[in-house]
Each structure stands twice: as C-alpha cells, then as structure tokens.
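Each remark here refers to the structure printed beneath this line.
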Amino acid sequence: MADKKAQLIIEGAAPVELPILTGTVGPEVIDVRSLTSTGRFTFDPGFMSTASCESKITYIDGDKGILLHRGYPIEQLAEHSDYLETCYLLLNGELPNAEEKAKFVSNVKNHTMVHEQLKSFFNGFRRDAHPMAIMCGVVGALSAFYHDSLDINNPQHREISAVRLVAKMPTLAAMVYKYSMGQPMMYPRNDLNYAENFLHMMFNTPCEIKPISPVLAKAMDKIFILHADHEQNASTSTVRLAGSSGANPFACIAAGIAALWGPAHGGANEAVLTMLDEIGSVENIDKFIAKAKDKNDPFKLMGFGHRVYKNRDPRATVMKQTCDEVLTELGIHNDPQLQLAMRLEEIALTDPYFKERNLYPNVDFYSGIILKAIGIPTSMFTVIFALARTVGWISHWKEMLSSPYKIGRPRQLYTGYEQRDLKK
Ligand code: CMC
C-alpha cells in the first residue's frame, strides 16, 4: 500500500518522487523501482537497507526480539505446535484443522523413502567428505529422479515437490551420516513421528533397534521448528534468486544448502563446537575474548550476534530451556565442554564489549550444545539446520512463483577499468 511519498533531491536534476510502502507491521519501505528511469541505481552491499521482495510468511522485529510465522510467535509454536504442523502453516498460510493435519502428515509419510538408485550416488563420495558437500550433491540430484513434479508453472507439481522435499530431507540427512560411519542406511519408519523417525534413521542399526527417547525427540522437533524459517536471510534469498530464473525446486534448494553452509550463517552451529575445541578450557577464555574484541584479529565468538536481532534472539530463549531439559535427561551437566560453553555465555552476557554491541548468544549457540549432547557429530549440525530450513525455503519459493515476479538481477557500482584497447 502506498500512502506517503519520499522526494529524492539530486543535485542538478529534477527531484524524484518515490512512493513509500507500508506493510502490516514493520518499518516503511521506500519504493525505488522508478529510479532506473533516471539512469541511477541504489547502492546497498549486503542488503542492509533493501527489501528484496514482498512476503506474507515471516516477520522479524530485531530490536524487540520478535519472530512471527504467519503471525504466530515462535515461542507459541515451539510450545504448542509440532514441526509438521509448522510446515503446513508456513506452506499454506494457516494452521491445519485436525483433518488437514492428518492428511498432510500422511502425505509427508508417503514420500519419506528416496529412490533406491539414489543410494548409488553416495558411493561416489569419500567417506570423510563433509556432509554438507554430499547434501549439496544429493539434494540437487533429486531433480534427476522426480521428473514428474518439475513443472514449476503447475501448482500441483509445486505442491508435490514441496512435500517430497520436507519428507525426504531427514532420510537424506541420515543417509549422509550412515555413509560417513560406514553403517547400513536405515529405511524410514512411518509409524514414528517426524523427529523420532529422524533419530531412528540416525542412531539405530539393522541389528539393534532401540526405542527413541521422547525428551530427545521433542528437543529435536523444537530444533526443527526454531530453524524452519527466518525470512529473507542469505540462503532463502539464494533460493529465491535461483528460483527466479525458473530453476526446478530441487536445484533451488541445493543452492540454498550451499549458501547455508558458510560459518556466518548455518555453519555457525558447527563453528561453535569447533571454537569450543579451540578454546580448550575455561582458563583460556580471557585470551579468546580478547581476540574477539581485537579489530586486527579475524576471530569472532561463534554463536554470538545476529544481523537482525539486536536485542535478543527469541529462538535462543526457547533453545536455552530445551538445552537444560536435554542435559538433565542425559545427566551430562558436568561435561567439560558444556561447562566451558556456559562460562563463555556468562562472560559474554556481562562483558561491556558484547553488551554495548548487543551480541547475545544466538540460536546456534544453544542448538550446537544440544545436538552435541544428543550424540550428533559436529559436521552434521548444519545438515540438520538445512533439513529444518527446507520448508522455509520452499515456502518462499512457492510464494514467489504464485505472484508476479521478475528474474533477480542486481546491478553494481562498477569501479574497474574504463574501456581500453588491447595493444600487441
Ligand atoms: N564476536 C565478536 N565481535 C562481534 C561478533 C562476534 N560474534 N559479531 C559481531 N561483532 C562485532 C563486530 O566486530 C562489530 O564491531 P564494531 O562495531 O566495533 O566494528 C559489531 O559487533 C557489529 O557487528 P557486525 O559485523 O556489523 O554485525 P553483522 O550484522 O554484520 O554480523 C553476524 C552478524 C551474525 C554475521 C556476526 O555477528 C557474526 O559473525 N557472528 C558469529 C557467527 C554466528 O554466530 N552466526 C550465526 C547467526 S544466527 C544463525 C542464522 O540466522 O544464520
């Protein structure tokens, strides 16, 4: 909705009137689309001041520490919903009634297996390959198997692909883990819920099927809910950009996985544990805090700070509580690495450097600790983030395709050579 207008005064040129758009909540947005007609562009590396699209899926107020999915606060979804219900909400805009939920769950369960031939892909990878490297490959490879749902202009195809991706991600993630361990891959079990089934495929073997702890399954489900979507972050924007060219959904999600991998984004949960290893013991904390503050040192405290949340990360609050529940269930409050993490949290929350810059522990700080306690290897952390975020990516992809959109094509401020002649 455009109510007000902004006026851009450019020296030596006529003023340019730019409409101001207002969303349902959130800051006003200056619509600069007409600026190109003046032969000028805006310059905003890192998209610090740029809304790349209009969306109805997720709202974040970073100053107040608010995260809403389709209007519902993340704390309420984590407390009263479950992951598949949250998936339905993100994909369809409303929470399902009992019948809709049962149908959706059954539909997802129908698609949990992956094509048998996909297994042979794994043999091409080294066993010590990073699981995210394998995920980029095998998720992209799904487009070679599910030709019957690749027409992006067909709403039914988009629907089937969305369900296939939500259903198959846990299976693929567990297959990656089993491959790295040299253990047989486990088939999904549709009598279990989403999180239980994932833990079953991860930790059970054909010769020993152990029951899944309800506390750990609940914690896993919460991790999935808390990572399900986060509006236009780097990986979601990557999925939208790839999708804007008309690429198929599996290829787009593979692009999202690649973008998520970096330590400033989804790779942070893995980086937290690597950092704790590097710090080693509580005595070394001061040295590493000093490194984090030193402008000439690239070291950062992993799991602290956020581009958008400058107050607190609401997901971290839920995750911290879940972290306590898991550590109590497993009786491992005394683990030296966990104690190190807790001491680091304490220092960072009281140190003026971190307080002044609002560098609070983010969701990845606590999720890393929980995943480690559950027994998931560090290299799998970002894979689990990707598994959970797939529904967010696919919801944004679907939203983009269901409304008029243009191929994403940013411009640049060119500072290279002017034209010159090649002289020989
Ligand atoms: N440790 C030490 N100093 C930091 C940290 C940190 N983790 N994060 C930011 N700072 C400092 C930064 O040096 C700067 O200081 P100054 O104002 O003196 O120059 C100030 O805080 C503001 O930081 P920024 O770099 O402008 O913030 P940003 O919005 O560009 O970066 C971030 C956000 C998440 C990339 C960054 O905080 C970071 O690298 N954190 C560690 C990695 C991490 O935990 N990432 C996971 C984010 S949550 C999961 C997700 O949503 O993907």
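Both counts, for ligands and for their atoms, begin at 1 and track the order of listing.
With I384 as the partner, the side-chain contact (heavy atoms from CB on, under 4.5 Å) test is satisfied by one option alone out of R389, M220, H227, M169: M220.
At least one cation-pi condition fails for R312 and Y309: the charged atom is not both under 6.0 angstrom from the six-membered ring centre and inside a 45 degree cone around its axis.
Shown here are the ring-ring contact (aromatic ring centres under 6.0 Å, His included) partners of Y59, two or more places apart in sequence or in another chain: there are none. Partners of T42 by side chain to side chain contact (heavy atoms under 4.5 Å, CB included), not counting sequence neighbours, listed by chain and number: V32, L35.
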Using residues 274-282 as the side-chain source, report each donor-acceptor pair under 3.5 Å to any protein atom, sequence neighbours left out, with the distance given to one decimal.
{"from": "T274", "atom 1": "OG1", "to": "E270", "atom 2": "O", "distance (Å)": "3.0"}
{"from": "D277", "atom 1": "OD1", "to": "Q337", "atom 2": "NE2", "distance (Å)": "2.8"}
{"from": "S281", "atom 1": "OG", "to": "E283", "atom 2": "OE1", "distance (Å)": "3.0"}

Kindly print each ligand 1 N/O atom paired with any protein N/O atom under 3.5 angstrom away, one pair per line, or none if nothing qualifies.
{"from": "ligand 1", "atom 1": "1 (N)", "to": "L301", "atom 2": "N", "distance (Å)": "3.1"}
{"from": "ligand 1", "atom 1": "3 (N)", "to": "Y353", "atom 2": "OH", "distance (Å)": "3.1"}
{"from": "ligand 1", "atom 1": "7 (N)", "to": "L301", "atom 2": "O", "distance (Å)": "2.7"}
{"from": "ligand 1", "atom 1": "7 (N)", "to": "F304", "atom 2": "O", "distance (Å)": "3.0"}
{"from": "ligand 1", "atom 1": "15 (O)", "to": "R357", "atom 2": "NE", "distance (Å)": "3.3"}
{"from": "ligand 1", "atom 1": "18 (O)", "to": "K295", "atom 2": "NZ", "distance (Å)": "3.1"}
{"from": "ligand 1", "atom 1": "18 (O)", "to": "R357", "atom 2": "NE", "distance (Å)": "3.0"}
{"from": "ligand 1", "atom 1": "18 (O)", "to": "R357", "atom 2": "NH2", "distance (Å)": "3.0"}
{"from": "ligand 1", "atom 1": "29 (O)", "to": "R307", "atom 2": "NE", "distance (Å)": "2.9"}
{"from": "ligand 1", "atom 1": "29 (O)", "to": "K310", "atom 2": "NZ", "distance (Å)": "3.4"}
{"from": "ligand 1", "atom 1": "30 (O)", "to": "R307", "atom 2": "NE", "distance (Å)": "3.4"}
{"from": "ligand 1", "atom 1": "30 (O)", "to": "R307", "atom 2": "NH2", "distance (Å)": "3.1"}
{"from": "ligand 1", "atom 1": "40 (N)", "to": "F304", "atom 2": "O", "distance (Å)": "3.0"}
{"from": "ligand 1", "atom 1": "44 (O)", "to": "G303", "atom 2": "N", "distance (Å)": "2.8"}
{"from": "ligand 1", "atom 1": "44 (O)", "to": "N362", "atom 2": "ND2", "distance (Å)": "2.9"}
{"from": "ligand 1", "atom 1": "45 (N)", "to": "A264", "atom 2": "O", "distance (Å)": "3.4"}
{"from": "ligand 1", "atom 1": "51 (O)", "to": "H306", "atom 2": "NE2", "distance (Å)": "3.2"}
{"from": "ligand 1", "atom 1": "52 (O)", "to": "H265", "atom 2": "ND1", "distance (Å)": "2.6"}

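Between atom CD1 of residue I253 and atom SG of residue C136 there is a gap of 12.0 Å, rounded to the nearest 0.5 Å.
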